[in-house]
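Since the structure comes first, as structure tokens, the remarks are kept for the end.
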Amino acid sequence: MLTLSINGTSHQVDVPDDMPLLWVLRDVIGLTGTKFGCGIAQCGACTVHLDGQAVRSCVLPASLAQGRDVKTIEAMAQDPVGQKVQRAWLDLEVVQCGYCQSGQIMSATALLTTTPKPNDADIDAAMAGNICRCGTYVRIREAIKRAGEA
Amino acid sequence: MPATFSRRGLLAFGLLGGALVVGVRIPLRSARAAGPAPLMPNGFIRIDPQGAITFIMPDTEFGQGIYTSAGMLIAEELEVGLDQVAFEAAPPDTGQYHTAMRAYVSPLLGEQATGGSTSIRGDWKRLRQAGAQVRTMLIAAAARQWHVDPATCHADRAEVIGPDGRRASYGSLVEAAAAQPVPDDVPLKPASQFKLIGHRQPRVDTPAKVDGSLQFGIDVRLPDMKIGTVLACPVIGGRLRSVDEEAAKRVPGVRDVVRLDDAVAVIGDHFWAAKQGLAALDPQWDEGPHAGLQIADIVHAQAEASDREPEVIAKEEGDARAAIKGAAKTVSAAYQMPFLSHAPMEPVNATLHVRSDGADLWVGTQVPVRARNTVAQVTGLPPEKVQVHNYLMGGAFGRRLDVDYITQAAAIAKQVPYPVKIVWTREEDIQRDLLRPYYYDRLSGGLDGQGRITGWTHHGTGSSVMARWQPKGMQKDGKLDPDTVEGATETPYGIPAMRVGFTRVEPPGITTAWWRGVGATHNVFMVESFMDELAAAAGKDPVAFRRDMIGDNARARAVLDLAAEKSGWGQKLPAGVGRGVSLQLSFGSFLAHVLEVEVTSRGEVHLRRAVVAVDCGTAVQPDGVVAQIEGGLIFGLSAALYNEITVQDGRIQQSNFNNYRVLRIDEAPRIEVHMIRNDEGPGGIGETGTVAAAPALVNAIYAATGKRLRRLPIGNQLVGA
């Protein structure tokens, strides 16, 4: 039995220690905003925050998240930086299919929390792990800058 | 918001702020509570007496923004704001749902399907007409109640307004409007009166996509649902011989192992259990007839075919071969495009509950009728007993025009008593994808003394998707798949003598499928690569050479000139930097693209800047046009730079995003899209950016390095070259 703090709520889950956090979130707890894209930390669709840091939940054993603060896309509307990111994403119409955008927003929020005015190199470094098949990168870059100015 | 069940067992979810609901799926003929019936004189609009307005979307949404832009067409004439409307996916319709028989069949595709950049072109009249029809009935009802001439009333934001300023909400008029005759051919607004069309509207589907609340098919959760994953034989066409079922069942959380002819599924309490169970199975396979299949053999067969006379001639104008023979200069070249996977971000999945009296399917599909029918066929249920709950899709790119994954999921689901969600791993998604065909084309052209084209021959070879997917779409006694020559027979240029043919060569064991850009992606690469080679042979600037051949096609010339101007064509560039151009007329839209690249001394290609000029006629949602071109370019550039699916010993060699690379943000170019606005009928746009990507890329590489690459992807062809 693992005890996980997710979006400020404590959850007791009876899962194998090595089960990736992604599947605990999606299939056990029912937080489906965090997406499955590749399973090998190549695409970033599963990005969540672990103590504020962007991590790929598809390769993070759930046991390693014990005692730490897990935040998912579902909590971003309550996060002051997350709110700004979501607002900028809508204002600039970043989103197309939207499947990768939970992960994009989690990575962008983590970046802006530590680096409120990121330059292009900061954005490249923080966001290159998040693939978007619809090709929304031009607008992601602009929206991060917009959110940083808000 | 988690999924909830109503008592009728229907899934409802995704309530957003305000009145907007995306994805609530209620069958159109669902039994309703007592009280006045909703107003629904056509298949696209439903207004209930409480005033709720719902648009039933004939097109499926997978990121292209069609709910917004098609919704704008209805709203423009219905006189409502998009913020006042809920959207739902049309059910599979073969005529049984509504008196407007087969209302949801695409006028361009001939079936209920979304693809080929046909939605807006197909909806342009019918959806505006649908809105005008209902508005006319509502105004007539109000006028009758007020004893005034309907011509003195007008409508605005879901209200009818009388000559004295009296107002009645649409909801309050539902019952009276239903008694009005349903008018045909109501006059439509002229463009000068458009309030929505041509003006940027906020997308209706995106608020739920930024807060994680929107459920895709993969997010479905049902009471007692289990989750499964599948492994098909790693060799194309192979069969399952045996598995160690007990080893899988020892994995905690594993429930069942289900064997299929060519695959095995493990079902568990969660995906992780299913995946771990699958890993423990140690399946043994009968590798079948394709165990010796190699990519080189497939390419060789097409190369040989390209040297022979084409199997079918699609276009013969003048005597192209004689013109080339007698030309001052002749050029010949062969080009190759690889097999490609779709790899949408949402891996394919399907959730089914198969019972003795019916089945439910929760899925994202571009073809809801095909989805329903395959479940009926696999389960033996009558099609009307299969309920399809269609979801917004996490990308499709043509992948979800096929239903193989639904067929497979149904074969699994009918063997278990509970609802089961089948999710493919990314490895399965790529290795068991249906592939964009491999193309091997040969082109020849002649130039006269002034460097103008005198004759042109183009012989393409490859698989026909149409022959499998929609045989009735074949032409010339079933020999010509029009998709295989799209963009080859009709070019923006006035070439005096042309001969275009195709030879169908089907790769053993491989199933081919539609892929974003479809036929135009194939042929515009061929045509625009070859135009560049001819320009070089003629000693002319690539833009000037094209401009000279355009003839009297003013729209084509205008986009070419605009792209050249905005890109600064002709400016001196640093060493290693080059610009390439491509021009296309595809899906009813004109588009020119200038791409600037840098090729480093190590042979790496950096994408610096893309400038696009587009004339798609009426741009219904202008920002959506820009977004589709941006995204389409990135999709096409990813493929052109990195992507190919290859086969060794019958096995697909790529498996995930580590070896099927996708362009990342740090590799993406700056993109500028310039639009030429006019009131021509709207052209398609979803595919156009992808079409424009590869030809401008190889032409830019040529400009930067002098190296002409005739085979995609670029890969490491420039490394050490």
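Just so it is clear, the structure is predicted and the values come from calculations on it, not from any experiment. Every chain is numbered from 1 and lettered A, B, ... according to where its sequence line falls, protein lines coming before strand lines. Scope of the values below: all heavy atoms of this structure, side chains included, with no hydrogens, waters or symmetry mates.
- Using a 4.5 Å cut-off between heavy atoms, B:N656 touches chain A through its side chain atoms alone.
- Looking only at side-chain heavy atoms (C-beta outward), A:Q42 and B:R426 stay at 4.5 Å or farther from each other.
- Heavy-atom pairs under 4.5 Å with chain B peak, among A:G33, A:G98, A:A45, at A:G98.
- At distances below 3.5 Å, at least one donor-acceptor pair connects side-chain atoms of A:Y137 with backbone N or O atoms of B:L663.
- Of the two parts of B:V251, neither the backbone nor the side chain holds a non-hydrogen atom closer than 4.5 Å to a non-hydrogen atom of chain A.
- Between A:V24 and B:W272, the closest side-chain pair of non-hydrogen atoms is not below 4.5 Å.
- Contact of A:V138 with chain B is made through the side chain alone, with heavy-atom distances under 4.5 Å.
- The closest side-chain heavy-atom distance from A:I131 to B:R664 is below 4.5 Å.
- At a threshold of 4.5 Å between non-hydrogen side-chain atoms, the residues B:D219 and A:K35 count as touching.
- Side-chain contact between B:Q628 and A:Q96 is present, with heavy atoms from C-beta onward closer than 4.5 Å.
- Proximity to chain A is limited to the backbone of B:M393, based on heavy atoms less than 4.5 angstrom apart.
- Proximity to chain A is limited to the side chain of B:A668, based on heavy atoms less than 4.5 angstrom apart.
- Using bins of under 30°, 30° to 60° and over 60° for the plane-to-plane angle, the ring pair B:F271/A:W23 lands in the parallel bin.
- With a 4.5 angstrom heavy-atom cutoff, B:E667 does not touch chain A via any of its atoms.
- Only the side chain of B:I227 comes within less than 4.5 Å of a heavy atom of chain A; its backbone N, CA, C and O stay farther away.
- The environment of CD in A:Q53 is sparse: at most 12 heavy-atom neighbours from other residues, nucleotides or ligands sit within 6.0 Å.
- Contacts between B:F657 and chain A at a heavy-atom distance below 4.5 Å involve backbone atoms as well as side-chain atoms.
- In this structure, no portion of A:A77 lies under 4.5 Å from any heavy atom of chain B.
- Between chain A and the residues B:R670, B:M345, B:H270, the largest count of heavy-atom pairs under 4.5 Å involves B:M345.
- Under a 3.5 Å cut-off, the side chain of A:R141 and the backbone N or O of B:I665 do form a donor-acceptor pair.
- What you find for B:D211 and A:Q86 is that their closest heavy atoms are CA-NE2, 3.5 Å.
- With chain B as the partner, the residue from A:Q101, A:R26, A:M127 showing the most heavy-atom pairs under 4.5 Å is A:R26.
- Checking side-chain atoms of A:R133 against main-chain N and O of B:H342 turns up a donor-acceptor pair under 3.5 Å.
- If you measure heavy-atom distances from B:P202 to chain A, the contacts under 4.5 Å come from both the backbone and the side chain.
- If you tally non-hydrogen atom pairs under 4.5 Å between each of B:L633, B:D666, B:D429, B:I671 and chain A, the highest count goes to B:D666.
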Would you sort out whether A:R139 and B:D623 count as a salt bridge (Lys or Arg N to Asp or Glu O under 4.0 Å), showing the intermediate values?
CA-CA 12 Å; A:R139 294 181 187 220; B:D623 186 58; 3.0 Å; yes
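- Neither the backbone nor the side chain of B:A273 comes within less than 4.5 Å of any heavy atom in chain A.
- Of the possible donor and acceptor atoms, one in the side chain of B:R221 sits under 3.5 Å from a partner among the backbone N and O of A:D27.
- Interface remark: A:D18 contributes backbone and side-chain atoms alike to the contact with chain B (heavy atom separation under 4.5 Å).
- The CG atom of B:L214 lies 10.0 Å from the SG atom of A:C97; values are rounded to the nearest 0.5 Å.
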